[in-house]
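All heavy atoms count here, side chains included; hydrogens, waters and symmetry mates do not.
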Amino acid sequence: MDKLSLEKELDLFLKNNTIIQLVKALHIPDDSDTLTKDRPSIVFGHSLSSMEIFELEKRVKKAENAETLEKFVQSMFEKKQASHKDLQDAGISKEYWHKLVRGKIKQPSKAKLLCIAIALKLNLEETEKLLRKAGYSLATDVTVFESIIGFFIEKGIYCTNTIDEYLVNHNQPTLFSIE
């Protein structure tokens, strides 16, 4: 795809907020989607509202299925056979990476996680799962920066120089400058 076509496609992608539609179309279940609708009204002789039971089931299910952000990024790093150079090219220092996988960074920014998604060459579904581990989503409150990154992830274009060029063209911070 030539540069002009890519720029036109990106502009249309941004204008239509396409990233939100694409992420919603993935149908990645929330914790609440996996719970049953039939709920008992009595638990150990105590009457609980269906909302209280639902909340309790939701918390238990979440705890049972919890894979930490740290484990997820480490498993993706190994699965994608990424290198520290890949991380560095996307603005992720070795120090930052090691702090993240050791759980020393409790709440990485959404933008930094998107840089990690680029570095690890995650597809859109993997990227959304990564973001959800930290409480984010590309389906809500999407900035221009996030939408541009989503566009390149959807296209399978992970060249940081190319991405940075388009970020600069749209007055956005480059991958390497994200804190």
Side-chain angles (χ1 to χ4, degrees), residues 1 6 10 13-14 18-34 59 61-168 170 172-179:
M1 179 176 290
L6 193 61
L10 175 60
F13 190 89
L14 294 172
T18 305
I19 191 66
I20 293 172
Q21 298 162 12
L22 290 171
V23 170
K24 286 181 178 180
L26 292 173
H27 300 293
I28 298 172
D30 290 329
D31 293 335
S32 59
D33 293 343
T34 60
R59 288 179 185 202
K61 187 75 167 173
K62 186 175 182 179
E64 289 172 346
N65 295 327
E67 177 184 32
T68 65
L69 173 64
E70 299 84 18
K71 288 179 183 176
F72 184 79
V73 293
Q74 186 63 44
S75 69
M76 286 289 109
F77 182 82
E78 292 166 5
K79 177 182 176 184
K80 300 291 185 164
Q81 299 178 341
S83 70
H84 287 288
K85 172 139 178 34
D86 296 326
L87 294 169
Q88 186 179 13
D89 289 348
I92 309 297
S93 69
K94 281 185 184 181
E95 179 184 10
Y96 185 90
W97 177 256
H98 289 297
K99 284 181 180 178
L100 181 65
V101 296
R102 289 186 183 126
K104 303 287 185 198
I105 299 173
K106 296 299 178 195
Q107 189 61 46
S109 71
K110 187 176 181 183
K112 201 68 164 175
L113 290 173
L114 288 170
C115 292
I116 290 170
I118 292 295
L120 300 180
K121 297 177 175 60
L122 301 183
N123 64 32
L124 193 57
E125 183 173 353
E126 293 164 335
T127 300
E128 184 64 13
K129 287 178 180 178
L130 168 67
L131 292 173
R132 288 187 183 190
K133 296 284 179 195
Y136 303 116
S137 174
L138 279 176
T140 57
D141 302 322
V142 181
T143 66
V144 172
F145 174 86
E146 295 161 3
S147 193
I148 290 171
I149 299 300
F151 171 81
F152 283 102
I153 289 170
E154 173 63 18
K155 293 286 176 199
I157 300 172
Y158 301 98
C159 175
T160 55
N161 291 332
T162 300
I163 295 168
D164 279 346
E165 180 182 338
Y166 285 92
L167 287 168
V168 168
H170 289 273
Q172 298 300 306
T174 61
L175 294 171
F176 201 79
S177 68
I178 297 299
E179 294 293 322

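- In this structure, Lys24 has no side chain to side chain donor-acceptor pair (under 3.5 Å) partners at least two apart in sequence or on a different chain.
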Requested in this report: In sequence, state the C-alpha distance, the side-chain angles, and the governing distance for Leu87 and Phe77, and then conclude on side-chain contact (heavy atoms from CB on, under 4.5 Å).
Outcome: CA-CA 10 Å; Leu87 294 169; Phe77 182 82; 3.6 Å; yes

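- Residues passing the side chain to side chain donor-acceptor pair (under 3.5 Å) test with Glu179: none are found, sequence neighbours excluded.
- Ring centroids of Phe151 and Tyr166 are separated by 6.0 Å or more, keeping the two rings apart.
- Using a 4.5 Å heavy-atom cutoff, the side chains of Lys112 and Ile92 are in contact.
- For the side-chain contact (heavy atoms from CB on, under 4.5 Å) with Thr160, the qualifying choice from Thr174, Asp89, Leu167 is Asp89, the only one to do so.
- Here the CG-NZ distance, from Leu138 to Lys110, works out to 5.5 Å after rounding to the nearest 0.5 Å.
- Using modelled atom types, one side-chain atom of Tyr158 and one backbone atom of Leu122 make a donor-acceptor pair closer than 3.5 Å.
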Report task. Test side-chain contact (heavy atoms from CB on, under 4.5 Å) on Ile19 and Glu154 and set out the steps. Result -> CA-CA 9 Å; Ile19 191 66; Glu154 173 63 18; 5.5 Å; no

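- Between Leu113 atom CG and Glu146 atom CD the span is 10.5 Å, to the nearest 0.5 Å.
- With values rounded to the nearest 0.5 angstrom, Ser75 atom OG is found 11.5 Å from Glu70 atom CD.
- Expressed to the nearest 0.5 Å, how far CG of Leu130 lies from OG of Ser137 amounts to 11.5 Å.
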Side-chain donor/acceptor pairs under 3.5 Å, residues 96-103, sequence neighbours excluded:
unit_1 : atom_1 : unit_2 : atom_2 : d
Lys99  : NZ     : Glu95  : OE2    : 3.4

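- In this structure, the side chain of Gln107 engages the main chain of Ala134 through a donor-acceptor pair within 3.5 Å.
- Judged by distance alone, the side chain of Thr127 and the main-chain N or O of Asn123 form a donor-acceptor pair under 3.5 Å.
- Applying the 6.0 Å contact sphere to NZ of Lys80 captures more than 12 heavy atoms from other residues, nucleotides or ligands.
- For Gln81, the CD atom counts as loosely surrounded, since its 6.0 Å shell holds 12 or fewer non-hydrogen atoms of other residues, nucleotides or ligands.
- Between Ile178 and Ser109 the shortest heavy-atom distance is CG2-OG, 4.4 Å.
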Report task. Give the C-alpha distance, both sets of side-chain angles, the deciding distance and a yes or no for side-chain contact (heavy atoms from CB on, under 4.5 Å) between Leu131 and Leu114. Result -> CA-CA 8 Å; Leu131 292 173; Leu114 288 170; 4.0 Å; yes

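- Side-chain contact check for Asp86 versus Leu120: every heavy-atom pair is 4.5 Å or farther apart.
- Closest non-hydrogen pair, Ala119 versus Ala82, comes out as O-CB, 4.5 Å.
- A 4.5 Å side-chain heavy-atom check between Ile153 and Glu126 finds every atom pair outside the cut-off.
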Requested in this report: For side-chain contact (heavy atoms from CB on, under 4.5 Å), just list the numbers for Leu175 and Ile149, CA-CA rounded to whole Å, side-chain angles, deciding distance to a tenth of an Å, and then say yes or no.
Outcome: CA-CA 9 Å; Leu175 294 171; Ile149 299 300; 3.6 Å; yes

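- Open room surrounds CD on Gln88; 12 or fewer heavy atoms of other groups in view lie less than 6.0 Å from it.
- Between Glu67 and Lys129, no side-chain nitrogen of the basic residue sits less than 4.0 Å from a carboxylate oxygen of the acidic one, so the salt-bridge criterion is not met.
- Between the side chain of Gln172 and the backbone N or O of His170 there is at least one donor-acceptor pair closer than 3.5 Å.
- Looking at heavy atoms from C-beta onward, Pro108 lies in side-chain contact with Leu69 at the 4.5 angstrom threshold.
- Rounded to the nearest 0.5 angstrom, Ile163 CD1 and Ile157 CD1 are separated by 8.0 Å.
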